[in-house]
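Step one of this worksheet: look at the structure below.
When a ligand or atom number is given, it counts from 1 through the structure's own listing order.
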Amino acid sequence: MDKEFAGLSVIVTGAASGLGRSVAVELSQRGADLALVDVNEGGLEETEALCAENGSKTIVIPTDLSDPDACLRPVAKTVEKFGRLDSLCNVAGMLVFGHAAETSVEQYDKLYAVNVRAPFLLFQQAFPHLEKTAGSVVNVASASGLTGHSYIAAYSSTKGALIALTRSLAVEYWKTPVRINAVAPGGMLTPMATGTTVTEDYDPQLLFIGSGPREIAQPEDVAQVVAFLASPRAKRVHGSVYSMDQGVTA
Ligand SMILES: NC(=O)c1ccc[n+]([C@@H]2O[C@H](COP(=O)([O-])OP(=O)(O)OC[C@H]3O[C@@H](n4cnc5c(N)ncnc54)[C@H](O)[C@@H]3O)[C@@H](O)[C@H]2O)c1
C-alpha cells in the first residue's frame, strides 16, 4: 500500500477542508500527484503545504464549483500539469440546514449545482483521460442519500441524486475500464458538522434520527475508504455505494 499512487495523478475537490483535506493528505502519503480544487483558496494553500510535507507534487486550482463554466477547467489544468489523470474524487459539498418549508429556491439550486451538477460536469471532462489510464471516480454522497434525515431535506435529495448518478454512470460505462463508485458517510467531525447551529425550534427527537450509538467518525477514517476505492487495489469494485455510517443504514 506504501506509495501505491506513485506516478498517478488525482483530482480532489473540497480539498480545502474536512474530508477533502484528509483525502488529499492520505493520498499524498501514498505518493499521488494531486490537483487540489476548492472555492476556499486559503484552505487549499494549507492543504497543499500538508501534502508537500509528504513529498507530493501538487497543483492548487481555486474553483467555484457552483459555476458550470468553472467546472470545465480543473481537469484540463491537471492533465496539463501531470500529463495524465488516474482518479477524480468528488468530495466538495455544501449543506443547508433548516426547515424544508423555509428553504429558498436559491439555496436549493446552489445545493444541486455544487453537490450534483459539479461532479457530473467534472466526470464529463475527466472520462476520456480516465479511459486511457483505467482510472476511477469516487463520489462522496451521504447516508442521508439512502435514508430520510430531518432538517436537511434538500441536501439529502442531492446526495440521493449523486448515488443514482454514480450507479447510472457505472452501468453506462460498464464496458470501459473506468471504475465509478460512491462513499456514503454518516456523521463526520468536520466543519460542515460543527459549523451547523441548532436552535430550540428543532425537535431533538427528529434531529438525531440519523445518528447511531457509536462515536462520530473522523474525516481521516472515511479518507481511508475513499483512498481505497480510488486505488488500483479496488480493481474489481465498480458501481458500489460504500456505506461508512457505522451501522445507521443497516
Ligand atoms: N460532515 C458530515 O457529517 C458529512 C456526512 C456525510 C457526507 N458528507 C459529505 O462529505 C463531503 C465533505 O464535507 P465535509 O464534511 O468535509 O465538510 P467541509 O465543509 O469541511 O468541506 C466541504 C468543502 O467543500 C467546499 N465547497 C463548498 N462549496 C463549494 C463550491 N461552490 N466550490 C468549490 N468548493 C466548495 C468547501 O469550501 C469545503 O472545503 C461533502 O460532500 C459532504 O456533503 C459530510
**Prompt:** Given Asp201 and Thr199, is the side chain to side chain donor-acceptor pair (under 3.5 Å) satisfied, shown in steps?
**Reply:** CA-CA 6 Å; Asp201 56 332; Thr199 50; 2.5 Å; yes
**Message:** Could you walk me through whether Glu48 and Thr58 satisfy the side chain to side chain donor-acceptor pair (under 3.5 Å) test, starting with their C-alpha distance in whole Å, then the side-chain angles of each, then the deciding distance to 0.1 Å, before giving a yes or no?
**Reply:** CA-CA 7 Å; Glu48 184 180 37; Thr58 55; 2.9 Å; yes
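Residue-level proximity to ligand 1 for Arg21 is absent, since no heavy atom of it falls below 4.0 angstrom. Residue contacts with ligand 1, taken as heavy atom pairs separated by less than 4.0 Å, involve Asp64 via backbone and side-chain atoms alike.
Arg30 contributes no side-chain N or O that, together with a main-chain N or O of Lys3, makes up a donor-acceptor pair within less than 3.5 Å. Checked by atom type and distance alone, the side chain of Ser56 never pairs as donor or acceptor with a backbone atom of Asp33 at under 3.5 Å. Panel note: side chain Arg179, backbone Ala234; a donor-acceptor pair is recorded below 3.5 Å. Ser150 places a side-chain N or O within 3.5 Å of a backbone atom of Leu206 that can act as its donor or acceptor partner. Here the side chain of Asp86 pairs a donor or acceptor atom with the backbone of Ser9 at under 3.5 angstrom. Formation of a donor-acceptor pair under 3.5 Å by the Gln246 side chain with backbone atoms of Glu215 is found in this model. A donor-acceptor pair under 3.5 Å is formed between the side chain of Lys159 and the backbone N or O of Val140. Formation of a donor-acceptor pair under 3.5 Å by the Thr176 side chain with backbone atoms of Tyr173 is found in this model.
Considering only non-hydrogen protein atoms, atom 5 (C) of ligand 1 sits nearest to Gly186 O, 3.1 Å. Protein heavy atom at the shortest distance from atom 34 (N) of ligand 1 is Val39 N, 3.3 Å. Of the protein's non-hydrogen atoms, the one nearest atom 15 (O) of ligand 1 is Thr190 OG1, 2.5 Å. Ranking the protein heavy atoms by distance from atom 8 (N) of ligand 1 puts Tyr155 OH, 3.5 Å first. Counting only heavy atoms of the protein, atom 13 (O) of ligand 1 lies nearest to Met192 CE, 3.9 Å. Ranking protein heavy atoms by distance to atom 16 (O) of ligand 1, first place goes to Leu19 N, 2.7 Å. Remark: minimum distance from atom 18 (P) of ligand 1 to any protein heavy atom is reached at Ser17 OG, 3.6 Å. Of all protein heavy atoms, the one closest to atom 7 (C) of ligand 1 is Ala141 O, 3.3 Å.
The closest approach between Ala184 and ligand 1 stays at or above 4.0 Å for every heavy atom of the residue. Not close to ligand 1: Pro219, with no non-hydrogen atom less than 4.0 angstrom away. Residue contacts with ligand 1: Lys110 is excluded, as none of its non-hydrogen atoms falls under 4.0 Å. Taking a 4.0 Å cut-off on heavy atoms, Ala113 fails to register as neighbouring ligand 1.
Among Ser156, Ala16, Gly93, Gly14, the residue whose heavy atom sits closest to atom 22 (C) of ligand 1 is Gly93.
Met188 and Met244 fall within the same hydrophobic cluster, defined by Ile, Leu, Val, Met, Phe, Trp and Tyr side-chain heavy atoms under 4.5 Å apart, directly or through other members.
Between Ile11 and the choices Leu36, Val91, Leu88, the side-chain contact (heavy atoms from CB on, under 4.5 Å) rule is met once, by Leu88. Between Asn181 and the choices Leu229, Val241, Val225, the side-chain contact (heavy atoms from CB on, under 4.5 Å) rule is met once, by Leu229.
Of the polar atoms of Ala15, none of the N or O atoms is found under 3.5 Å from an N or O of ligand 1, judged by distance alone. Where the criterion is an N or O separation shorter than 3.5 Å, residue side chain and backbone included, Met188 meets it with respect to ligand 1. Geometrically, ligand 1 and Asn40 share no nitrogen or oxygen pair separated by less than 3.5 Å.
Within ligand 1, the atoms closer than 4.0 Å to a non-hydrogen atom of Val140 are 9 (C), 10 (O), 11 (C), 41 (O), numbered from 1 in the order shown. Atoms of ligand 1 found under 4.0 Å from any heavy atom of Val91 (numbered from 1 in listed order, with element): 11 (C), 12 (C), 40 (C), 41 (O). Listed by number with element, the atoms of ligand 1 under 4.0 Å from a non-hydrogen atom of Pro191 are 20 (O). Atoms of ligand 1 found under 4.0 Å from any heavy atom of Gly18 (numbered from 1 in listed order, with element): 16 (O), 20 (O). Every atom of ligand 1 is numbered from 1 in the order shown, and the set under 4.0 Å from a heavy atom of Thr63 is 32 (N), 33 (C). Atoms of ligand 1 found under 4.0 Å from any heavy atom of Ser66, numbered from 1 in the order shown, are 31 (N). Here is the list of ligand 1 atoms found below 4.0 Å of a heavy atom in Gly187: 3 (O). Less than 4.0 angstrom separates some heavy atom of Leu65 from each of these atoms of ligand 1: 30 (C), 31 (N), 32 (N), 33 (C).
Annotation for Phe97: atom CZ counts as buried by contact number, over 12 foreign heavy atoms lying within 6.0 Å.
Classification of the Tyr151-Tyr202 ring pair by plane angle, with boundaries at 30° and 60°, yields perpendicular.
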